[in-house]
Amino acid sequence: MSSVPVISLRDVTKVYSLPAGDVVALDHVSLDIMEGEFVAIMGPSGSGKTTLLNQIGSLDVPTSGDLFIAGKNIGEMNDDELTDMRRDTIGYIFQKFNLIPLLTVYENVEYPLILKYGKRDTTGRPIELLKMVGLEGPMLEHKPTEISGGQQQRVAIARALVNDPKILLCDEPTGNLDTKTSKQIMDILTDLNRQGRTIVMVTHDPETATYAHRTIVIRDGRVDP
Ligand SMILES: Nc1ncnc2c1ncn2[C@@H]1O[C@H](COP(=O)(O)OP(=O)(O)OP(=O)(O)O)[C@@H](O)[C@H]1O
Ligand SMILES: [Mg+2]
């Protein structure tokens with residue numbers, strides 16, 4: 001692990017304005033995550049975990065404060081720069097897998113490459129990554145509904161890795177999985193971290209959090225000191 005922050009939040013506040021009033025989902029959050037770190041984010045339901053992950057992933061913009069990814073201030077990037085940064089630097093793994101139902105396992109993993117290069121893959125990378133997460137053979141032609149939850153999560157991990165991101169963001173990556181499958185997924189994430197990828201993982205499960213180097217606890221939008 002290096003001592004260079006790859007993610008920095010400075011006084012980040014996120015307010016959702018609703019007809020019933022404002023919801024302060026993040027309240028002046030400042031934190032640094034180092035390159036190569038494996039961090040767990042824990043806290044009660046509604047405390048702001050997903051909101052925090054969405055700001056880090058630049059899927060959403062802070063109401064105020066500054067966010068730096070790989071040394072760059074997100075607030076100073078234009079739309080094209082943001083899109084490129086999201087695509088090339090960050091991989092997302094969601095609790096509900098978010099696979100595209102009409103595409104096969106293989107096509108789901110290939111898809112980000114088609115978006116990036118505008119053509120079908122010829123490098124074999126999707127197959128390589130699927131093999132790494134334990135999927136090969138006829139399975140690759142199945143649709144997401146035709147495989148198990150654990151297998152879907154492996155596909156989602158392979159897809160998140162296809163553009164070789166430095167940072168992996170995971171929201172409850174084992175939330176829908178049984179204990180044995182959860183352990184397999186956590187072993188894959190641990191390997192990816194050992195290869196140097198920075199991992200930020202939201203979990204409500206203390207057992208899952210033990211895989212991380214450090215746990216950040218968030219309550220009512222505030223990070224515990
Ligand atoms: N798009 C939105 N519009 C309005 N309010 C929102 C929105 N997203 C989240 N919130 C509110 O912001 C607060 C934090 O929500 P968030 O989803 O970050 O919680 P969480 O810690 O991920 O919870 P959980 O463990 O249940 O997933 C909650 O009060 C929630 O109702
Ligand atoms: Mg959440």
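Every number for a ligand or one of its atoms is a count from 1 in the order of the listing.
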Participant: Mark yes or no for whether T198, through its side chain, and E35, through its backbone, hold a donor-acceptor pair below 3.5 Å.
Facilitator: no

Participant: Once you restrict to heavy atoms under 4.0 Å, what part of L52 touches ligand 1? Side chain, backbone, both or neither.
Facilitator: neither

Participant: For residues P144 and N108, report the shortest heavy-atom separation together with the two atoms involved.
Facilitator: CG-ND2, 3.8 Å

Participant: Tell me the closest heavy-atom pair linking Y106 and P126, and the distance in Å.
Facilitator: CE1-CB, 3.5 Å

Participant: Among all protein heavy atoms, pick the one closest to atom 23 (O) of ligand 1 and tell me residue, atom and distance.
Facilitator: G46 N, 2.8 Å

Participant: Please check if the number of heavy atoms outside Y111 that lie under 6.0 Å from its OH is greater than 12.
Facilitator: no

Participant: Non-hydrogen atoms of P44 versus ligand 1: any pair closer than 4.0 Å?
Facilitator: yes

Participant: Would you give the length of the straight line joining atom OG of S148 to atom NE2 of H142, rounded to the nearest 0.5 angstrom?
Facilitator: 11.5 Å

Participant: Looking only at protein heavy atoms, identify the closest one to atom 9 (C) of ligand 1 and say how far it is in Å.
Facilitator: Y16 CE1, 3.5 Å

Participant: Just wondering, more than 12 heavy atoms not from Y16 lying within 6.0 Å of its OH?
Facilitator: yes

Participant: Might you check, step by step, whether the distance between atom 13 (C) of ligand 1 and some protein heavy atom is under 4.0 Å?
Facilitator: yes

Participant: To check you understand the geometry: which heavy-atom pair defines the closest contact between E110 and D121, and what is its length?
Facilitator: OE2-N, 2.9 Å

Participant: Mark the output for S47 as yes if a heavy-atom distance to ligand 1 is under 4.0 Å, and as no if none is.
Facilitator: yes

Participant: Can you find an N or O of L18 that's nearer than 3.5 Å to an N or O of ligand 1?
Facilitator: no

Participant: Would one find an N or O of V23, backbone or side chain, under 3.5 Å from an N or O of ligand 1?
Facilitator: no

Participant: Which protein heavy atom lies closest to atom 25 (O) of ligand 1, and at what distance to 0.1 Å?
Facilitator: K49 NZ, 2.7 Å

Participant: Using a 4.0 Å heavy-atom cut-off, which part of T51 comes near ligand 1: side chain, backbone, both, or neither?
Facilitator: both

Participant: Which is it for V105 and E141 under the side-chain contact (heavy atoms from CB on, under 4.5 Å) test, yes or no, and what are the steps along the way?
Facilitator: CA-CA 6 Å; V105 164; E141 298 311 315; over 6 Å; no

Participant: Suppose we only count N/O/S atoms under 2.8 Å; would Q95 qualify as near the Mg ion (ligand 2)?
Facilitator: no

Participant: Would you say S45 and ligand 1 have an N/O pair spaced under 3.5 Å apart?
Facilitator: yes

Participant: Please check if atom NZ in K116 has more than 12 non-hydrogen atoms from other residues, nucleotides or ligands closer than 6.0 Å.
Facilitator: yes

Participant: Could you tell me the residue and atom name of the protein heavy atom closest to atom 27 (O) of ligand 1, and the distance to it rounded to 0.1 Å?
Facilitator: T50 OG1, 4.0 Å

Participant: Give a yes or no on whether atom 31 (O) of ligand 1 lies under 4.0 Å from any heavy atom of the protein.
Facilitator: no

